Amino acid sequence: MNYIVLDLEWNQCPSGKSRENPLLPFEIVEIGAVRLNDRKKITGTFNRNVSPRVYRQLHYITRDIIKTTMKELDKGKSFPETVREFFNWCAEDGDYIFCTWGPSDLTELQRNCDFFGVEHSFPFPFVFYDLQKSFSLCYDDGKSRMSLETATQRLSIPENLTYHSAFGDARYTVQIFQAMDFDKVSIYTSVDNYRIPACSKEEFTLNFGNYTKFVSQGFNDKEKLIANNTLRVTKCPACGETLRKKIHWFSGNQKQYYCVASCQKHGYVKGRIKVRKTPEGLFYAVRIVKLTDEEGVAKIKEKQLDARRKRREKRLKAKSDKT
């Protein structure tokens, strides 16, 4: 299995969000990538400018960050031509998995492909390595997210490349990837949710040993999503046993829901549901179920008490407004 370490730079509507094309909020203008084999040795590189077609003027933020001009970008080919070259390059040495710094690049790659009518064969579920997360798991708490520049400096990697160029950032990401003890955290893949399950048969669960991640199909109504029994079932991530709740699912802020259950073999288990919305207006959920301890349970109880307090204050305010 090869690794494709990818970085993209993109432009956005120079006239502001109100005038952007909603089907293409970000137009890719640079593709940089490095291919590595299973021993993390470099076997190829890809570095291309992309001549934009939708936003023919650089947004001031884009111009300041990537420090290029439209004239330079126009030396490249169109996105469809460039990305087809990229896909062919990716597959030259066999099967591969994408690696990125952060979770956004693959979403925008797919969105640009769809907008420009480029056929692609991305897997489903679209599993990849978010090396920003991998870095946090290796060196921090697994929750914090460090910028590429800060991570490069932390590992004392020579800064002889340009930041915020797609190829420069891809090369920095490769050096971080090669330096970290990746085998220790390689089980922790990420999944891109640009495409969500179309039906119950396509819903999936990823198991990472101490926690699971479930992604639901989309619903037109959020209440139908939350009422879905498949979403509300809580199973132990270690043994798969269906568990009884100690604290039933409750709403923290209408977008997140929490619960606590207990496994006879593996102790406390906490659950969290995040409600998200697709650009098409469908509601779907990402459910995380994770082994925890008494401290973790106490934090969930605090959230429950806080949610009750806020509901009580809301009722009292509504009652006061009526009188």
Side-chain angles (χ1 to χ4, degrees), residues 2-12 26-50 52 58-76 82-83 85-86 89-90 93 96-109 128-186 188-190 192:
N2 295 305
Y3 303 103
I4 304 295
V5 179
L6 170 68
D7 190 85
L8 304 173
E9 299 296 337
W10 52 69
N11 189 27
Q12 60 195 84
F26 303 105
E27 183 176 14
I28 293 171
V29 295
E30 292 181 17
I31 300 177
V34 180
R35 185 176 60 240
L36 300 91
N37 62 22
D38 57 2
R39 297 182 302 280
K40 295 198 291 187
K41 301 295 184 181
I42 295 175
T43 61
T45 61
F46 188 93
N47 182 17
R48 301 285 192 280
N49 281 346
V50 179
L58 288 173
H59 190 283
Y60 73 94
I61 293 177
T62 305
R63 185 182 64 246
D64 291 346
I65 288 176
I66 68 176
K67 294 179 172 55
T68 192
T69 63
M70 190 62 67
K71 184 178 180 180
E72 283 297 313
L73 295 177
D74 280 339
K75 292 179 182 179
T82 306
V83 82
E85 288 182 9
F86 174 62
W89 173 83
C90 288
D93 285 347
Y96 59 89
I97 186 169
F98 281 109
C99 305
T100 62
W101 190 264
S104 302
D105 282 344
L106 295 177
T107 293
E108 298 311 324
L109 181 61
F128 68 102
Y129 283 113
D130 177 352
L131 295 178
Q132 188 182 43
K133 180 176 78 174
S134 302
F135 183 91
S136 182
L137 288 165
C138 280
Y139 297 102
D140 289 315
D141 58 4
K143 297 178 181 179
S144 60
R145 295 294 183 263
M146 192 172 289
S147 72
L148 182 64
E149 186 172 355
T150 303
T152 300
Q153 293 168 351
R154 178 164 175 177
L155 296 185
S156 300
I157 292 171
E159 296 177 90
N160 50 13
L161 299 166
T162 302
Y163 287 108
H164 303 300
S165 79
F167 188 64
D169 284 355
R171 289 298 301 265
Y172 280 126
T173 304
V174 164
Q175 292 179 75
I176 293 170
F177 182 37
Q178 292 172 325
M180 73 171 68
D181 185 1
F182 185 66
D183 289 342
K184 184 174 70 174
V185 297
S186 61
Y188 298 109
T189 54
S190 295
D192 182 88

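All values reported here derive from a predicted model rather than from experimental measurement.
- No donor-acceptor pair under 3.5 Å is formed between the side chain of Q132 and the backbone N or O of T100.
- A 4.5 Å side-chain heavy-atom check between V34 and Y3 finds every atom pair outside the cut-off.
- Atom-to-atom distance recorded for L36:CG and T45:OG1 is 11.0 Å, nearest 0.5 angstrom.
- Expressed to the nearest 0.5 Å, how far CG of L148 lies from CD of Q175 amounts to 10.0 Å.
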Should L6 and F128 be marked as a side-chain contact (heavy atoms from CB on, under 4.5 Å) after you check the CA-CA gap, both sets of side-chain angles, and the distance that decides it? CA-CA 11 Å; L6 170 68; F128 68 102; over 6 Å; no
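- For the pair F98/C90, a side-chain contact is recorded, criterion being any heavy-atom separation below 4.5 Å from C-beta on.
- Q178 places a side-chain N or O within 3.5 Å of a backbone atom of K40 that can act as its donor or acceptor partner.
- Ring-centre distance between F182 and Y129: below the 6.0 Å cut-off.
- Counting heavy atoms from C-beta on, the side chains of K133 and R145 come closer than 4.5 Å.
- Annotation for E30 and V50: closest pair N-CG2, 4.3 Å, computed over non-hydrogen atoms.
- Defined by atom type and a distance below 3.5 Å, a donor-acceptor pair is missing between the side-chain atoms of N37 and T43.
- Between I4 and W89 the shortest side-chain heavy-atom distance falls below 4.5 Å.
- A side-chain contact (heavy atoms from CB on, under 4.5 Å) with V174 holds for exactly one of D7, L131, V5; it is V5.
- Nearest approach of F167 to F46, heavy atoms of both residues: CD1-O, 3.6 Å.
- Judged purely by atom type and a 3.5 angstrom limit, N11 uses its side chain to pair as donor or acceptor with the backbone of H59.
- Between D105 and L8, the shortest heavy-atom distance links the atoms O-CD1, 3.3 Å.
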How far apart are the C-alpha atoms of D169 and E9, what are their side-chain angles, what is the distance that settles it, and do they pass the side-chain contact (heavy atoms from CB on, under 4.5 Å) test? CA-CA 10 Å; D169 284 355; E9 299 296 337; 3.6 Å; yes
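- With a 4.5 Å cut-off on side-chain heavy atoms, D74 and P52 count as touching.
- Shortest non-hydrogen contact noted between E72 and K75 is OE2-NZ, 2.9 Å.
- Atoms CG and SG, on D183 and C138 in that order, are 9.5 Å from each other to the nearest 0.5 Å.
- Atoms CZ and CD, on F26 and E108 in that order, are 6.0 Å from each other to the nearest 0.5 Å.
- Interatomic distance, Y163 OH to K67 NZ, rounded to the nearest 0.5 Å: 13.0 Å.
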Checking side-chain contact (heavy atoms from CB on, under 4.5 Å) for the pair M146/I176: CA distance, chi angles, key distance, verdict? CA-CA 12 Å; M146 192 172 289; I176 293 170; over 6 Å; no
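- Taking every heavy atom of both residues into account, D130 and G102 meet most closely at OD1-N, 2.9 Å.
- For the pair N2 (side chain) and D93 (backbone), a donor-acceptor distance under 3.5 Å is present.
- The CD atom of Q153 lies 7.5 Å from the OG atom of S147; values are rounded to the nearest 0.5 Å.
- Taking the six-membered ring where tryptophan is involved, the planes of Y139 and F135 are tilted, since the angle between them lies from 30° to 60°.
- The heavy-atom pair separating D141 from S144 by the smallest distance is OD1-N, 2.8 Å.
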What do the steps show when you test L58 against L73 for side-chain contact (heavy atoms from CB on, under 4.5 Å), and what is the final call? CA-CA 10 Å; L58 288 173; L73 295 177; 3.9 Å; yes
